[in-house]
2 protein chains.
Amino acid sequence: MKMSELSERSGVSVASIKFYQREELLPEPERSSPNQARYAANHVDRLRLIRALVDVGGLSVAAVRRVLAAAEADIPLDWAMGVAQHAIPGSVELPDQGSRGVTEIDSVSASMGWMVSPDNPGRAMAARVLDSYLQLDHEELLSVLPEYCSAAEIVARVDLGTVALQPNRARMSETVVVGTVLGDSLFAGLRRMAQEDAAHRQFSRAES
Amino acid sequence: MKMSELSERSGVSVASIKFYQREELLPEPERSSPNQARYAANHVDRLRLIRALVDVGGLSVAAVRRVLAAAEADIPLDWAMGVAQHAIPGSVELPDQGSRGVTEIDSVSASMGWMVSPDNPGRAMAARVLDSYLQLDHEELLSVLPEYCSAAEIVARVDLGTVALQPNRARMSETVVVGTVLGDSLFAGLRRMAQEDAAHRQFSRAES
DNA sequence: AAACTATCGATAGTGTTACTGTCTATATTT
DNA sequence: AAATATAGACAGTAACACTATCGATAGTTT
């Protein structure tokens with residue numbers, strides 16, 4: 001298929017496709033002449049994946065490039081997961097070593113029996129959130145950490161179970177990457193729904 | 001205190017504070033003369049809250065303005081929660097009414113016994129994620145929805161419990177808003193940690 | 001009181017990100 | 001042959017979150 005058809009089928013404008021090509025987010029197309037290209041079904045799929053990562057997962061184009069590279073490379077799955085985790089916005093460096101947030105996170109993680117490497121991006125993210133909470137004088141969050149952790153464990157277990165179901169390695173990598181990125185949004189959505197339900201039960205007409 | 005001290009104590013540059021003032025994110029300071037202002041502790045707190053919402057929660061300045069307005073107004077708490085939910089990036093409109101994602105989400109939410117209004121932003125977000133998954137041919141996600149829901153329910157319940165602990169209404173609103181926004185990041189971080197742990201157990205050296 | 005530093009408010013400028021538009025030289029289609 | 005489409009290069013744009021500069025005070029130091 002040629003450019004205009006690729007654009008139609010994927011729902012991405014020709015100009016944007018060219019942009020993604022410049023950014024090396026698409027595989028090289030087949031050439032029918034040095035000056036003309038033919039695209040295939042995998043280009044459509046790739047474009048859809050890019051849009052999902054960008055629109056739903058909120059990734060930047062640079063992050064998408066890193067994530068796609070990880071999904072393609074024949075890399076250990078836990079490494080692919082690490083790359084996907086690192087690509088997600090908000091994954092920055094750990095707060096000061098001795099920060100209260102780090103201490104609390106490590107302590108609760110230990111009490112869950114988790115084996116987590118010190119450079120896990122989630123550890124930095126969670127510690128950062130805790131530090132913010134503490135700085136805002138919302139200490140109450142600490143007491144609910146264990147329950148958050150149990151919930152996270154449930155989710156993580158089914159995440160990994162889903163990966164194991166995949167028929168081949170390429171598919172597993174894709175599942176890891178897509179699941180890591182889109183799973184956050186899915187859970188966030190479900191949490192809002194559950195919050196509304198819990199709010200109804202707890203204080204909708206009673207005290208507000 | 002005056003500008004330079006406010007800047008020091010909050011860790012926000014003078015230029016940025018002026019920017020936030022223009023954007024009406026800060027309360028009006030006291031005036032010692034028509035041309036000179038005095039800031040108080042609540043300005044420091046407010047700046048810290050803004051930075052947490054922006055840096056940790058990933059909100060835009062416009063979203064912060066909406067959220068702060070909701071936290072300040074003497075508004076039913078479930079409404080404040082709705083505003084906070086709507087302010088979070090990724091909260092857009094519902095996919096086409098008949099989309100598979102919407103159907104699946106409504107069905108699982110019904111089976112959980114949740115009462116969720118049709119314009120809950122989480123419903124739209126979750127439906128959107130599901131549609132993406134389906135378009136990418138990752139149907140396996142549907143089978144894990146119930147477990148995601150149980151986890152979301154755990155989190156939502158402790159979220160609401162935390163709110164109920166607050167001593168007064170203003171504090172409750174703040175808790176709702178901060179918890180809604182920062183809670184997503186906290187959970188995402190914990191999920192990554194739990195994922196690493198689960199990955200170790202499942203395929204670290206065995207099959208990768 | 002003069003000199004110096006800080007602040008206020010307004011406005012303009014900067015850097016980044018993610019496109020979008022335009023152009024020329026070829027190809028392809030009719 | 002004429003009309004349309006494509007490739008590739010590069011310039012332009014819109015939104016966003018600041019950042020810098022400026023003239024007119026205000027406060028502080030000497």
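In what follows, every chain begins at residue 1, and chains take the letters A, B, ... in the order their sequences are listed.
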Practice prompt. Find which nucleotide of DNA chain D each of B:K2 and B:F19 is nearest to by heavy atoms, and output the residue with the more 5' nucleotide.
Written response: B:F19
Worksheet item: Expressed in angstrom and rounded to an integer, what is the separation of B:R38 atom CZ from D:dG27 atom P?
Response: 7 Å
Practice prompt. Apply the side chain to side chain contact (heavy atoms under 4.5 Å, CB included) test between A:V176 and each candidate in A:V83, A:V163, A:D78, A:V67; give the one that qualifies.
Written response: A:V163
Item to complete: Write out all pairs satisfying ring pair (Phe, Tyr, Trp, His ring centres under 6.0 Å) with one or both partners inside residues 3-24 of chain A, taking only residues at least two apart or from two chains.
Response: none
Discussion item. In this structure, how many angstroms lie between the P atom of D:dA7 and the CE atom of A:M1, rounded?
Written reply: 12 Å
Worksheet entry | Nearest-0.5 Å distance, CG of residue B:D106 to CZ of residue B:R123 | 4.0 Å
Fill in: Contact under 4.0 Å: A:Y20 side-chain N or O vs C:dA18 OP1/OP2
no
Worksheet item: In whole Å, what is the span from the CD1 atom of B:I17 to the C1' atom of D:dC18?
Response: 13 Å
Practice prompt. Return no unless some side-chain N or O of A:S13 is found under 4.0 Å from OP1 or OP2 of C:dT20.
Written response: yes
Discussion item. At a heavy-atom distance below 4.0 Å, what parts of residues 43-51 of chain A sit against DNA chain D?
Written reply: none
Discussion item. Within this structure, what is the CG-CG distance for the pair A:L134 and A:L130, rounded to the nearest 0.5 Å?
Written reply: 6.0 Å
Discussion item. Among residues at least two apart in sequence or on other chains, which ones pass side chain to side chain donor-acceptor pair (under 3.5 Å) with A:Y133?
Written reply: none
Worksheet entry | Euclidean distance, atom CG of residue A:L25 to atom P of C:dC19 [Å, nearest integer] | 10 Å
Item to complete: Measure from the side-chain heavy atoms of A:S32 and tell me the nearest of D:dC18, C:dA18, C:dT28.
Response: C:dT28
Practice prompt. For residues 34-44 of chain B, pull every pair meeting side-chain hydrogen bond (donor to acceptor under 3.5 Å, both in side chains), keeping only residues two or more places apart or in separate chains.
Written response: B:Q21-B:Y39
Can I get a per-line list of side-chain donor-acceptor pairs under 3.5 Å for residues 148-162 of chain B, giving both atom names and the distance, sequence neighbours left out?
unit_1: B:Y148; atom_1: OH; unit_2: A:D159; atom_2: OD1; d: 2.5
unit_1: B:Y148; atom_1: OH; unit_2: B:R191; atom_2: NH1; d: 3.3
unit_1: B:S150; atom_1: OG; unit_2: B:P146; atom_2: O; d: 2.9
unit_1: B:E153; atom_1: OE1; unit_2: B:R157; atom_2: NH2; d: 3.0
unit_1: B:E153; atom_1: OE2; unit_2: B:W114; atom_2: NE1; d: 2.6
unit_1: B:D159; atom_1: OD1; unit_2: A:Y148; atom_2: OH; d: 2.5
unit_1: B:D159; atom_1: OD2; unit_2: A:R191; atom_2: NE; d: 2.9
unit_1: B:D159; atom_1: OD2; unit_2: A:R191; atom_2: NH2; d: 3.0
unit_1: B:D159; atom_1: OD2; unit_2: A:Q195; atom_2: NE2; d: 3.0
unit_1: B:T162; atom_1: OG1; unit_2: B:V158; atom_2: O; d: 2.7

Discussion item. So, under a plain 3.5 Å distance rule, would you say the side chain of A:R22 forms a donor-acceptor pair with the base of C:dT20?
Written reply: yes
Discussion item. Measure CD/A:E24 against P/D:dG8 and give the value in whole Å, please.
Written reply: 13 Å
Practice prompt. Indicate, with a heavy-atom threshold strictly under 4.0 Å, whether A:R31 touches base, sugar-phosphate, or nothing.
Written response: sugar-phosphate
Discussion item. I need the CD-P distance between B:E23 and D:dC16, as an integer number of Å.
Written reply: 10 Å
Practice prompt. Starting at atom CE of B:M3, determine the distance to atom C1' of D:dA26, rounded to an integer number of angstrom.
Written response: 14 Å
Worksheet item: Does B:S16 have a side-chain nitrogen or oxygen under 4.0 Å from the phosphate oxygens OP1 or OP2 of D:dA17?
Response: no
Worksheet, complete the sentence: Of A:E5 and B:P34, the one whose closest nucleotide on DNA chain D sits nearer the 5' end is A:E5
Fill in: Test log, rule side-chain contact (heavy atoms from CB on, under 4.5 Å), inputs A:D184 and B:D184
CA-CA 8 Å; A:D184 280 352; B:D184 280 352; over 6 Å; no
Worksheet item: A:D55 has an atom CG; how far is it from atom C1' of C:dC19, in whole Å?
Response: 13 Å
Worksheet item: To the nearest 0.5 Å, how far apart are CG in B:L53 and CZ in B:R48?
Response: 14.5 Å
Practice prompt. Starting at CZ of A:R51, measure out to OG of A:S10 and round the result to the nearest 0.5 Å.
Written response: 8.5 Å
For nucleotides 21-25 of chain D, give me every protein contact, N/O to N/O, under 3.5 Å, one pair per line with atom names.
unit_1: D:dT25; atom_1: O3'; unit_2: B:N35; atom_2: ND2; d: 3.3

Worksheet entry | Side chain of B:S4 (C-beta onward), nearest among D:dC18, D:dT6, C:dA6 | C:dA6
